[in-house]
Protein chains: 2
Amino acid sequence: MASRDKEATKAKLIKAAGQVMARDGFAKMGVNAVAREATVDKVLIYRYFGGLEGLIKAYAEDGDFWPGVEELIAEPEAIYRARPAAEQMARVFRNLISALRRRPVTLEILAWEMADGNELTKHLDEVRETLGREFTRRFGHAGPAEVDLMAFSALMAASVNYLTARSRHNKSFNGMDISKEDGWKRLEETISTVCLKVLS
Amino acid sequence: MASRDKEATKAKLIKAAGQVMARDGFAKMGVNAVAREATVDKVLIYRYFGGLEGLIKAYAEDGDFWPGVEELIAEPEAIYRARPAAEQMARVFRNLISALRRRPVTLEILAWEMADGNELTKHLDEVRETLGREFTRRFGHAGPAEVDLMAFSALMAASVNYLTARSRHNKSFNGMDISKEDGWKRLEETISTVCLKVLS
DNA sequence: ACAATCTGTCACTTGGCAGTGACTACGATA
DNA sequence: TATCGTAGTCACTGCCAAGTGACAGATTGT
C-alpha cells in the first residue's frame, strides 16, 4: 500500500495532471490517464477534487501558467515607463513570445481552447483575462489618434498566440520557419518594426 | 435496402463528413458518427475510402475549403495590380477574414490542426500551402526595404487565423468583441491602417 | 435461369473511458 | 490492545468507439 498521505497524494495528482497535459495534450486528459501517471487510483480524483474538473481547477490555481506583468515588461517599471509607447508595446509582445514558448502547458491550453472551449479551459482562461485587465490598468498606452489601440494589440496578441501554439506541431507557417530561433528572431524584429511604424 | 449506387453513397459519405465536422467538430469525427450521419453502414467507409483518413482526404479534395486567389483579391486582377502595395495587402487580409468566416469547416480545421496536428489535418493543410505559394508566385509584393515582408504577412495571417477560429467559441479576445460585425469592422480597419503605415 | 459479383446490413470482438460501491489496511487515539 | 476513521485498492457497470467477418439482396453477363 502507498504512502497514506492525503496532501502528498493530492500534490501527486496535480503534478500528474500537468505532465499528462504537457506530454499527451488536452485531448488525452482523463481521470484514467492522470491516475495512471500518478500511480494512484482514479477514485481519489473524485474524492479529493470532485472529479477531473476540480483537479484542473486546482492545477490552474497552482501553477505558473501565465506570465505576470513583471515578466512581460522584463525590466524595472520606471525604466519601462520612460520608453516611448511604440517601444513599450514591442517589448511586451516580444517578451510574450518568450514567455509562452517557455510554457508548453500554456501552449497546449491556448490551442485547446480554440478547438473546444469547454468547462475545463474556462478556469484557465479566467486567470488570463485578469492579466489582460491588470496590464491595461497599469499601462494605458498612447499612440497616434487614428490607431485603434485595442484592436491593434488584439491583432498582435492573436498573432503571438497562434504562432507559438502552432509551433508545437508545425515546423512552419506561411513560409516562416517557426521551429528554430532564426524564424522567431525575424518575427520579433518585425514586431518591433510594426510597432514603431504604427505607433509613431 | 438502400439505393445501391456506389458513387452516390460515396458522395453521401463525403457530405456527411463535412456536416459532422461543421456541427460537432473535429473531435467527434469518427467512422461511427459519419456513418450515422449518412445513414449508411460504417463498413462502407473502410471499403470505399480505406478508412476515415481516406474519406477525409477525399473530402479535402472535394470541397471549397480554402479561398482561391480570386476570392482574396476580390476584383479584376488588373485593377488589383494597379494598387499600391499597402492597399493590396490590406485588401487580401480583409478579404481573408470574410473568406474564413464564411467557412465554418475551415475554421474547425484551423483550430484543430493547432490542437492536434495529426494525419487527418495534413491533407487539408497541403491544399493551403499550395494557395500560399500560388499567391506569392503571382504577386511578389514590394515595400520598404527594412520590412521583412514574409514575416509581416505571417504575423497578419496568423492573427486572422486565430481570431476567426477563436470566434467560433469565444465572444471576445483582448477586450475586442469578435462575435459581432462591429468588432470585425474595427479589426479590418486596423489592418488597413497597419498595412498602410508599415508598407509605405 | 443461373452464377458471379457487387452493394449494403448485421452482429460481434476488442478496448478504452467515466463513474461507483464495497472492501482492505493503516495508524491515531483511548 | 481494541476500535474507529481515513487513505487507498479492487472489481464492476455502462457506454461508445474502431474495426472485422459473415451474410443478404440486388445486378449483370451468359
Side-chain angles (χ1 to χ4, degrees), chain A residues 1-60 108 112 115-123, chain B residues 1-59 108 112 115-116 118-123:
Chain A
M1 189 159 292
S3 45
R4 211 171 167 71
D5 178 338
K6 185 172 170 175
E7 290 310 313
T9 304
K10 281 168 84 170
K12 258 172 85 174
L13 280 168
I14 291 178
K15 189 179 164 200
Q19 284 168 338
V20 171
M21 225 184 277
R23 176 161 39 76
D24 304 324
F26 222 111
K28 305 209 172 165
M29 269 285 277
V31 287
N32 287 305
V34 174
R36 247 195 314 275
E37 178 77 24
T39 52
V40 136
D41 198 278
K42 66 179 165 183
V43 85
L44 300 181
I45 294 175
Y46 295 101
R47 281 233 267 274
Y48 296 156
F49 301 98
L52 190 62
E53 195 176 332
L55 174 56
I56 303 231
K57 198 168 175 180
Y59 178 56
E108 187 61 36
W112 194 252
D116 177 42
N118 54 22
E119 285 307 310
L120 301 182
T121 59
K122 279 211 184 102
H123 303 300
Chain B
M1 190 160 289
S3 44
R4 212 171 167 71
D5 178 338
K6 183 172 171 175
E7 290 310 314
T9 303
K10 282 169 83 169
K12 259 172 84 175
L13 281 168
I14 291 177
K15 190 179 164 199
Q19 284 166 338
V20 170
M21 227 184 275
R23 177 161 36 77
D24 303 325
F26 223 110
K28 305 207 172 168
M29 271 285 277
V31 287
N32 287 301
V34 174
R36 248 196 312 277
E37 178 78 22
T39 53
V40 138
D41 198 278
K42 66 178 165 185
V43 85
L44 300 181
I45 295 175
Y46 295 101
R47 281 232 268 271
Y48 295 156
F49 301 97
L52 189 62
E53 194 176 332
L55 174 56
I56 303 230
K57 196 167 177 180
Y59 179 56
E108 186 63 35
W112 194 252
D116 177 44
N118 53 24
E119 285 307 311
L120 301 181
T121 59
K122 279 212 185 100
H123 303 302

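Chain letters run A, B, ... following the sequence lines, proteins first, then strands; residues in each count from 1.
Remark: C1' of dA18(C) and CG of L55(A) are 15 Å apart, rounded to the nearest angstrom. Spacing between atom CG of L44(A) and atom C1' of dT6(D) amounts to 11 Å, rounded to whole angstrom units. Atom CD of E53(A) is separated from atom C1' of dG19(C) by 15 Å (rounded to the nearest Å). Between the CD atom of E7(A) and the P atom of dG8(D) there is a distance of 10 Å, rounded to whole Å. Atom NZ in K10(B) sits about 9 Å away from atom P in dT7(C), given to the nearest Å. R36(B) places its CZ atom 15 Å from the P atom of dT9(C), with the value rounded to the nearest Å. As rounded to whole Å, 9 Å separates atom P of dC17(C) from atom NZ of K28(A). Distance CD1 (I45(B)) to P (dA17(D)): 12 Å, rounded to an integer number of Å.
With hydrogens and angles disregarded, a donor-acceptor distance shorter than 3.5 Å links the side chain of E108(A) to the backbone of F26(A). The backbone N or O of L44(B) lies less than 3.5 Å from no partner atom in the side chain of D41(B), so there is not a single donor-acceptor pair.
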Checklist entry - What's the verdict on side-chain contact (heavy atoms from CB on, under 4.5 Å) for K12(A) and T39(A), showing C-alpha distance, side-chain angles and the deciding distance? => result CA-CA 9 Å; K12(A) 258 172 85 174; T39(A) 52; 3.9 Å; yes

Item to check | Evaluation steps, side-chain contact (heavy atoms from CB on, under 4.5 Å), between D24(B) and M29(B) | outcome: CA-CA 8 Å; D24(B) 303 325; M29(B) 271 285 277; over 6 Å; no

Checklist entry - Please walk me through it: do Y59(A) and L13(A) pass side-chain contact (heavy atoms from CB on, under 4.5 Å)? => result CA-CA 9 Å; Y59(A) 178 56; L13(A) 280 168; over 6 Å; no

Sort me out a list of protein N/O and nucleotides 3-6 of chain C N/O pairs below 3.5 Å, or just none if empty.
| from | atom 1 | to | atom 2 | distance (Å) |
| --- | --- | --- | --- | --- |
| dC6(C) | O2 | R4(B) | NH2 | 2.3 |

Strictly under 3.5 Å: I want the nitrogen or oxygen pairs between protein and nucleotides 18-20 of chain D, one per line.
| from | atom 1 | to | atom 2 | distance (Å) |
| --- | --- | --- | --- | --- |
| dA18(D) | OP1 | V31(B) | N | 3.3 |
| dA18(D) | OP2 | V31(B) | N | 3.4 |
| dA18(D) | OP2 | N32(B) | N | 2.9 |
| dA18(D) | OP2 | N32(B) | ND2 | 2.4 |
| dA18(D) | N7 | K42(B) | NZ | 3.2 |
| dG19(D) | OP2 | Y46(B) | OH | 2.8 |
| dG19(D) | O5' | Y46(B) | OH | 3.3 |
| dG19(D) | N7 | K42(B) | NZ | 3.0 |
| dG19(D) | O6 | K42(B) | NZ | 2.9 |

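The side chain of T9(B) contributes an N or O atom lying less than 4.0 Å from OP1 or OP2 of dG8(C).
More than 12 heavy atoms of other shown residues, nucleotides or ligands fall within 6.0 angstrom of atom NZ in K10(A).
In terms of heavy atoms, F49(A) sits closest to L55(A) at CB-N, 3.5 Å. Considering every non-hydrogen atom in both I45(B) and L52(B), the closest pair reads CG2-N, 4.0 Å. Contact between V34(B) and A17(B) at its shortest, heavy atoms only, is CG1-N, 3.9 Å.
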